[in-house]
> 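I'd like to ask some things about the structure below.
Throughout, protein chains are lettered first and strands after them, A, B, ... in sequence-line order, and every chain is numbered starting at 1.
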There are 2 protein chains.
Amino acid sequence: MLMNTTRLFAGMKRERLDAIVATMPENVTYASGFWAMSQWIRRGPQAYVLTPAEGCGEPVVIASTGLIDLAASADVWVKDISRFGSFTIDRTPNVLLDVHDTRIEELLGQGDDGDAVGALIKAIKSRGLQNARIGVDEIGILPQYWDKLGEALPGATFVRAADIFRYARAIKTHEEVKRLRKSAQIADMSIRAALDVARDGATEMDLARAFHSKTIDEGGLPVLGCIGAGTRSAMTNVQPSERKLRRGDVIRFDVGGRYRHYRADIARNGVLGEPTEKLAQYHRAICVGLDRAIEMIKPGVRVADVFAATVEAVRREGIPHYQRSHVGHGIGLDGYDSPNIAPSSSEVFEEGMVICVETPYYEMGFAGLQVEDTLVVTRDGVESFMLSGTELQVL
Amino acid sequence: MLMNTTRLFAGMKRERLDAIVATMPENVTYASGFWAMSQWIRRGPQAYVLTPAEGCGEPVVIASTGLIDLAASADVWVKDISRFGSFTIDRTPNVLLDVHDTRIEELLGQGDDGDAVGALIKAIKSRGLQNARIGVDEIGILPQYWDKLGEALPGATFVRAADIFRYARAIKTHEEVKRLRKSAQIADMSIRAALDVARDGATEMDLARAFHSKTIDEGGLPVLGCIGAGTRSAMTNVQPSERKLRRGDVIRFDVGGRYRHYRADIARNGVLGEPTEKLAQYHRAICVGLDRAIEMIKPGVRVADVFAATVEAVRREGIPHYQRSHVGHGIGLDGYDSPNIAPSSSEVFEEGMVICVETPYYEMGFAGLQVEDTLVVTRDGVESFMLSGTELQVL
């Protein structure tokens, strides 16, 4: 199971919720294992998971009939599926279907619950929750459907609950850690593959193609591909262009795809030829900052303290004017999970958090430098997912 | 410019809007050229474009400072940028910056408008629209921000306006047609690349890797990759597995990535060895249905009539029980643009629509068959984007 049920229930209890509804793709997958494809690749398509509070009934997935084969997948651990909308799937008479097709046939046989919000209302009623306090993840539900919930269930109280999913998702389950480790390692290997084609005359696009192709070879899918060279590396979200690499160019990678829906986000730098003194000093400074963060992180340590110490280390080591709004963040199904390593954070690190720690530095007219590692917080420290070191790759 | 300004203004006029606000990533890019990366790859990050009605003032992009390099891109035709949130970007003193970096510096110099909704409220006021009727695309804005708009601007009327963007996006501009053609052709070439590795013992994943790698080689990015073989091809959204191909297997592709943000969605079939009679007949039937649709489509023809004639043609040609809820849809920045080729449609085809026409057939225990072409509606018919024919590829 992907979901940290204990933590979700704790978050629900704190907000006195009798049930919670996942509506954005990340939360739907998280709460059920259901990968509602159209919802992931578009905006607007609706899929939900209704999870009653502990001991208050069974969860249910609300899926469009057009996605019924995905809802019938063995990856989906929620047993109750409500489907809506008509969609024709035939079957050969007198042929034995396999387990998956048999499940699809069973779900098709259930009948159609109208539209997404109609199916959700029906599910709420069938669980006796019509007068309950229900949290609804406000990010994925269409506003007109939110209105309909209130109209159809005037006795119920609906509150925005995306933050409760964020709270639950912060502490990863075993399966999530496994996928996140693999996702980070695919990104790491893909940077290596891109560096292997980095030479005088190669373009940023050549590097991006090598990067993404390696990600695909390893079973991932491309998402984030900020790859820039020379002064272009200083653009925060640099998108690869046809610019050709020249001697002396810094290359900055801020990259990561998905592996089984879980995101990667790591960063490394290379340089074509020997680095200038400034470059070597600045890069060393951001590495020392990163090391300082990693050395400090363990359960109970204040997130804000790690921020302060990290920035301070970068300043002391060689970038005296270093300024950042954050030096890392959680990662999971969403590229930015909780916590955010920022000065305003009141959180502490906890065992099971998977964290991207980063010390980017952007200087227009010079270069962008960035190292970013991904790690899991263990009982007494961290375990890094990285295969490569942070050192500047001299090519 | 990507946006069909004439049509957006017409849609706004019909709804008596003084201004319209894009909030979902597709509409933000559409209305300004601004590719707000974090909004595209995550749910929640906010970016907007406020477009006043014709003659009522200049549009403005609302961008997080962390995305300022993308807002400063030459692809962005909206000149007025309001930025929110702090983000540090340094600059080397006494170095001449290039045009793009100079633009970034200029935008950074403007000062910070607080948060996304604060910046939007300020932009509305600065255009004298505080008592106006304003359409807001309801898909991308956070509900709490929608509430804040109403609180901060009690004299204004806010109405949901995602449908007006859908209406505008239905008729493509020249630049959109160019990108959509290329996107479809990349998908077509990528199917060819996948068929080239299809042989006894190859896995669905092998085909998927070949498919996506070709997409990347051609400058696209993977999105949709439903690739299944044998009876698995009957699963509507089949995700490639380690199942090995065997003689007699049908392979179904329902696939397409993005090229410069524009989607592809096409479908083809292959078979390992000679097809059975049933397979040949059924596949011919869906091809004839597709041909019937393509032959009918031209400006002024009713969408519902094309649906009826297409289904009828498939039935007559060899699948007498053929049932579909739709046989195609528009495509653009969103994978499903208007119109939807369904029996309930009251629309007619118009010049400049880019359409995916499809006749899928799913039979559990047998196979999934699907042909889907992409084309643009011209003055007197259609121009297909496809490089390959629809015939069953015998391998």
Side-chain angles (χ1 to χ4, degrees), chain A residues 24-26 35 37 41-44 66-70 85-92 95-98 100-101 104-105 138-140 142-144 146 160 162 205 209 212-213 216-217 219 221-224 231 234-239 321 323-325 334-336 361-366, chain B residues 24-26 35 37 41-44 66-70 85-92 95-98 100-101 104-105 138-140 142-144 146 160 162 205 209 212-213 216-217 219 221-224 231 234-239 321 323-325 334-336 361-366:
Chain A
M24 77 178 203
E26 293 84 349
W35 183 68
M37 186 181 76
I41 68 176
R42 297 186 56 223
R43 307 287 162 136
L67 296 179
I68 208 68
D69 60 317
L70 297 173
S86 68
F87 191 93
T88 305
I89 300 171
D90 286 278
R91 73 97 88 212
T92 313
V95 160
L96 207 64
L97 299 181
D98 67 16
H100 188 195
D101 284 350
I104 295 172
E105 190 169 46
E138 70 274 19
I139 309 272
L142 290 174
Q144 52 270 43
W146 181 288
R160 292 172 186 156
M205 276 300 290
R209 275 188 285 263
H212 292 313
S213 293
I216 281 164
D217 281 351
L221 279 174
V223 179
L224 178 70
T231 55
M235 286 193 283
T236 318
N237 308 285
V238 60
Q239 293 300 297
H321 54 283
Q323 290 280 359
R324 274 295 289 174
S325 46
D334 186 0
Y336 273 75
Y361 175 73
Y362 312 103
E363 183 180 315
M364 289 191 291
F366 168 54
Chain B
M24 77 176 203
E26 294 84 349
W35 183 68
M37 186 181 77
I41 68 175
R42 297 185 56 223
R43 307 288 161 136
L67 296 179
I68 208 68
D69 60 318
L70 297 173
S86 68
F87 192 93
T88 305
I89 301 172
D90 286 277
R91 74 98 88 212
T92 313
V95 160
L96 208 63
L97 299 181
D98 67 16
H100 188 194
D101 283 350
I104 295 173
E105 191 169 47
E138 70 274 18
I139 310 272
L142 290 174
Q144 53 269 41
W146 181 290
R160 290 171 187 158
M205 275 301 291
R209 276 187 284 264
H212 293 312
S213 294
I216 282 164
D217 281 350
L221 278 174
V223 179
L224 178 70
T231 55
M235 286 193 283
T236 317
N237 309 284
V238 60
Q239 292 301 297
H321 54 283
Q323 290 281 358
R324 275 294 289 174
S325 45
D334 186 0
Y336 273 75
Y361 174 73
Y362 311 104
E363 183 180 315
M364 288 192 289
F366 169 55

> Measuring heavy-atom distances to chain A, does Y361(B) have an atom under 4.5 Å in its side chain, in its backbone, in both, or in neither?
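For Y361(B), side-chain heavy atoms alone lie under 4.5 Å from chain A.
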> Taking M205(B), Q144(B), R324(B) one by one, which has the highest count of heavy-atom pairs under 4.5 Å against chain A?
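Highest number of pairs under 4.5 Å: Q144(B).
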> If I measure from the heavy atoms of chain B, does M37(A) come under 4.5 Å with its side chain, its backbone, both, or neither?
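The side chain, not the backbone.
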> Below 4.5 Å from any heavy atom of chain A, which atoms of E26(B) appear? Answer side chain, backbone, both or neither.
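The side chain, not the backbone.
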> Using heavy-atom distances under 4.5 Å, tell me whether W35(B) contacts chain A through its side chain, its backbone, both, or neither.
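Side chain only.
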> If you count heavy-atom pairs under 4.5 Å with chain A, which of L142(B), D98(B), L97(B), V95(B) comes out on top?
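Ranked by heavy-atom pairs under 4.5 Å with chain A, first place is L97(B).
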> Checking heavy atoms, do the side chain of E105(B), its backbone, both or neither come under 4.5 Å from chain A?
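Both parts, backbone and side chain.
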> Using a cut-off of under 4.5 Å on heavy-atom pairs, state which of S86(B), G44(B), G66(B), G219(B) scores highest against chain A.
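Sorted descending by pairs with chain A, the first entry is G66(B).
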> So which part of M235(B) gets closer than 4.5 Å to some heavy atom of chain A, the side chain, the backbone, both or neither?
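Contact with chain A is through both the backbone and side chain of M235(B).
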> With a 4.5 angstrom heavy-atom cut-off, is it the side chain or the backbone of L221(A) that approaches chain B, or both, or neither?
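The answer is the side chain of L221(A).
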> Please check this pair: side chain of D217(B) against backbone of S213(A), looking for a donor-acceptor N/O pair closer than 3.5 Å.
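Looks like no, no N/O pair under 3.5 Å.
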> Identify the two heavy atoms, one from T92(A) and one from F366(B), that lie closest to each other, and give their separation to 0.1 Å.
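For T92(A) and F366(B), the tightest heavy-atom pair comes out as OG1-CB, 3.3 Å.
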> Thinking salt bridges, do R42(B) and D334(A) make one under a 4.0 Å N-O criterion?
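Yes.
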> Is I41(B) close to chain A through its backbone or its side chain, or both, or neither, when contacts mean heavy atoms under 4.5 Å?
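Contact with chain A is through both the backbone and side chain of I41(B).
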> Heavy-atom distance under 4.5 Å to chain A: side chain of T236(B), backbone, both or neither?
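Both backbone and side chain of T236(B) come within 4.5 Å of chain A.
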> Select one option (side chain, backbone, both, neither) describing which atoms of L67(B) are under 4.5 Å from chain A's heavy atoms.
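The answer is both parts of L67(B).
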> Quick one: pull up CD in E363(A) and CG in D101(B) and give me the separation to the nearest 0.5 Å.
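The distance works out to 11.0 Å.
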> Could you have a look at R43(B), R209(B), E138(B), H212(B) and say which one has the most heavy-atom pairs with chain A under 4.5 angstrom?
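Between R43(B), R209(B), E138(B), H212(B), the count favours R43(B).
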> Rounded to the nearest 0.5 Å, what separates atom CZ in R91(B) from atom OG1 in T231(A)?
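R91(B) CZ to T231(A) OG1: 11.5 Å, rounded to 0.5 Å.
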> When you measure from the side chain of D90(A) to the backbone of Q323(B), do you find a donor-acceptor pair of N or O atoms at a distance under 3.5 Å?
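No, because the side chain of D90(A) does not come within donor-acceptor range (under 3.5 Å) of the backbone of Q323(B).
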> Can you say whether P222(B) sits under 4.5 Å from chain A via the side chain, the backbone, both, or neither, judging by heavy atoms?
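Side chain only.
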> Please classify the contact between I216(B) and chain A as side chain, backbone, both or neither, with a heavy-atom cut-off of under 4.5 Å.
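Answer is both: backbone and side chain atoms of I216(B) are under 4.5 Å from chain A.
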